[in-house]
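See below for the structure under consideration.
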Amino acid sequence: MTQAGTTRAEIPSGVRDRFDNRGRVGEGGPVEDGPGHTTAEGRAARARRDAVAWDVARGLAHAVARPGAVVRRGLDEADGCVLATPLVSPVAVPPADRAAMDGYAVRGAGPWCVVGHVKAGTADPGELEDGQATGIVTGAAVPAGATSVVRSEDAVLTGDRLDGPSEEGRHIRRAGEECRPGDLLLPAGVVIDPAVLGLAATVGLNRLTVISPPTVAALVTGDELVRQGPSTPGRVRDAIGPMLSGLITRAGAKPAASVRHLPDSLDQLVSALRETEAELILVSGSSASGPADHLRPALKTLGAELIVDGVACRPGHPQALAQLPDGRLVIGLPGNPFAALVAFLTLGVAAITRMRGLPLPELTNIAVPGGIPCHPTSTRLVPIRRTAQGAVPVGHGGAAMLRGPATADALAVVAPGPAEAIAARLLPLNPGAAPWGG
Ligand SMILES: Nc1nc2c(c(=O)[nH]1)N[C@H]1C(S)=C(S)[C@@H](COP(=O)(O)OP(=O)(O)OC[C@H]3O[C@@H](n4cnc5c(N)ncnc54)[C@H](O)[C@@H]3O)O[C@H]1N2
Ligand code: MOO
């Protein structure tokens with residue numbers, strides 16, 4: 001299947017060099033630890049050698065993904081999409097001078113003689129002469145000649161005589177004060193949120209031109225997995241499946257129908273990858289080099305191009321990104337649940353961000369007053385809470401644990417180094433939160 005915006009693309013020129021990809025992109029040869037050897041240890045050693053730096057992995061995922069097709073969407077289905085064209089107002093808002101308060105439209109200085117009442121929705125409110133007033137409601141068009149509106153609570157009415165404070169232009173919203181026809185309201189590239197939807201409706205639009213967000217499917221593999229009850233010595237409760245739909249939605253993509261569970265079978269994984277109609281397919285639990293880890297062999301069978309084959313980060317180092325011949329992207333999420341979450345936030349969010357038509361945002365820095373030990377060669381992703389003093393690790397940050405990330409509000413991205421970091425970058429655990437949401 002080839003979908004708009006996902007035809008297989010060469011990695012953009014210069015990306016290899018830019019990301020120092022060490023010539024791995026497109027390698028598909030046998031995985032050996034030496035001439036004539038193909039062992040688990042050899043594969044693991046090879047994976048360690050080939051792992052790219054965490055920032056490089058994000059950059060590659062963003063670079064290889066393609067923005068979705070440009071489509072017209074109704075306001076009820078455009079929330080979270082990115083504007084593909086600037087939002088230009090076709091009309092003036094307000095279209096006429098309008099009352100900003102309930103009360104009386106008046107002309108000139110008081111006292112005034114009340115001559116009528118303008119109801120909400122009156123198309124032609126008439127005209128006032130000097131010394132005249134008319135009752136009016138908020139939002140109604142003021143009569144021609146009106147110089148101000150006297151609020152009802154300030155009005156003193158004696159028969160049809162009105163007294164009250166007035167000041168030229170007070171409580172009148174002028175025609176075109178929010179925008180005039182042809183005004184640029186928002187540039188292309190803005191993420192549509194509820195305020196944007198309301199603004200589009202205000203200027204009379206029913207549809208917006210947007211970049212179609214990607215559909216993301218998920219295949220959860222593992223013979224040992226159960227979907228009911230607790231883990232037992234021989235069984236593991238699936239903790240990745242329940243995370244994925246929320247992560248995909250928060251990242252601004254559309255989850256495919258439902259997570260599909262597969263046994264540890266190369267044939268079934270190959271078939272599932274062939275059949276799955278989505279621009280991006282997540283596969284969990286087959287990313288390492290054990291006998292039941294079929295992702296890389298399946299990708300090879302399908303003629304996929306391996307773009308990221310391991311990332312120098314802890315947790316999440318076996319994560320992988322590949323492109324199928326028809327352009328669909330596949331991301332391998334490690335089976336350890338926190339490692340899977342990290343891989344989604346690394347490769348998944350970067351790819352989805354580009355598919356939505358957005359640049360990869362810079363991550364903000366945060367102080368770590370207590371320090372976090374660095375890994376000598378890998379980026380560490382550490383669950384933290386943000387406090388007024390800076391980031392504080394919450395603990396329980398092992399690759400197989402979700403207790404840490406569930407308690408945390410972000411991950412500290414701790415660069416490799418010889419000692420302790422006293423500053424880190426912040427990666428939101430909610431991929432819909434700034435800086436990801438745009
Ligand atoms: N020889 C090597 N072994 C491993 C390496 C390595 O480099 N060389 N890397 C380790 C790391 S790090 C990770 S992470 C895991 C990744 O493993 P897989 O992606 O192949 O996944 P599995 O082996 O199937 O599972 C690992 C672990 O996670 C549990 N799991 C799997 N799926 C789920 C799920 N949906 N919900 C909860 N838990 C899940 C599974 O039962 C295992 O305990 O490989 C290491 N090994
Ligand atoms: O990716 Mo693994 O997470 O380091 O356990």
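On a predicted model such as this, the values are computed, not experimentally measured, just so you know. Counting starts at 1 for both ligands and their atoms, in listed order.
- At least one N or O atom of G335 sits closer than 3.5 Å to an N or O atom of ligand 1.
- For a threshold of 3.5 Å applied to N or O pairs, the pair formed by T221 and ligand 1 contains no separation below that value.
- Contact annotation for L225 and ligand 1: only side-chain heavy atoms (C-beta onward) come within less than 4.0 Å of the ligand.
- Side chain of D183 to main chain of L185: no donor-acceptor pair is present (N/O by atom type, distance under 3.5 Å, no hydrogens or angles).
- Residue-level proximity to ligand 1 for D293 is carried by the side chain, the only part with a heavy atom below 4.0 angstrom.
- The proximity of S286 to ligand 1, defined as any non-hydrogen pair under 4.0 Å, is limited to the backbone.
- Evaluation of the salt bridge (Lys or Arg N to Asp or Glu O under 4.0 Å) test over residues 367-392, restricted to residues two or more places apart or in two chains, returns none.
- Within the 4.0 Å heavy-atom criterion, the part of P318 lying near ligand 1 is the side chain and not the backbone.
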Pairs under 3.5 Å, N/O atoms on ligand 2 and on the protein: can you put them in a table with the distances?
| residue | atom | partner | partner atom | Å |
| --- | --- | --- | --- | --- |
| ligand 2 | 1 (O) | G316 | N | 2.5 |
| ligand 2 | 1 (O) | H317 | N | 3.0 |
| ligand 2 | 3 (O) | G316 | N | 3.0 |
| ligand 2 | 5 (O) | N336 | ND2 | 2.9 |

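- Residues L345 and L429 share a closest heavy-atom pair of CD2-O, 3.9 Å.
- Below 3.5 Å of separation, one finds an N or O of S287 facing an N or O of ligand 1.
- Comparing heavy-atom distances from atom 17 (O) of ligand 1 across A288, S289, P334 singles out A288 as nearest.
- Each of the atoms 31 (C), 40 (C), 41 (O) of ligand 1 lies under 4.0 Å from some heavy atom of E224.
- For N336, heavy-atom contacts with ligand 1 shorter than 4.0 Å involve the backbone as well as the side chain.
- The side chain to side chain donor-acceptor pair (under 3.5 Å) contacts involving residues 67-89 comprise R72-T209, where partners must be two or more places apart or lie in separate chains.
- With hydrogens and angles ignored, the 3.5 Å screen pairs no side-chain donor or acceptor of R151 with any backbone N or O of H171.
- R260 is linked by a salt bridge (charged side-chain N to carboxylate O under 4.0 Å, His left out) to E275, counting only residues two or more places apart in sequence or in another chain.
- Between the side chain of R296 and the backbone N or O of L306 there is no donor-acceptor pair closer than 3.5 Å.
- Under the 3.5 Å distance criterion, the side-chain polar atoms of N336 are left unmatched by any main-chain donor or acceptor of F338.
- The CG atom of L321 lies 9.5 Å from the CG atom of L299; values are rounded to the nearest 0.5 Å.
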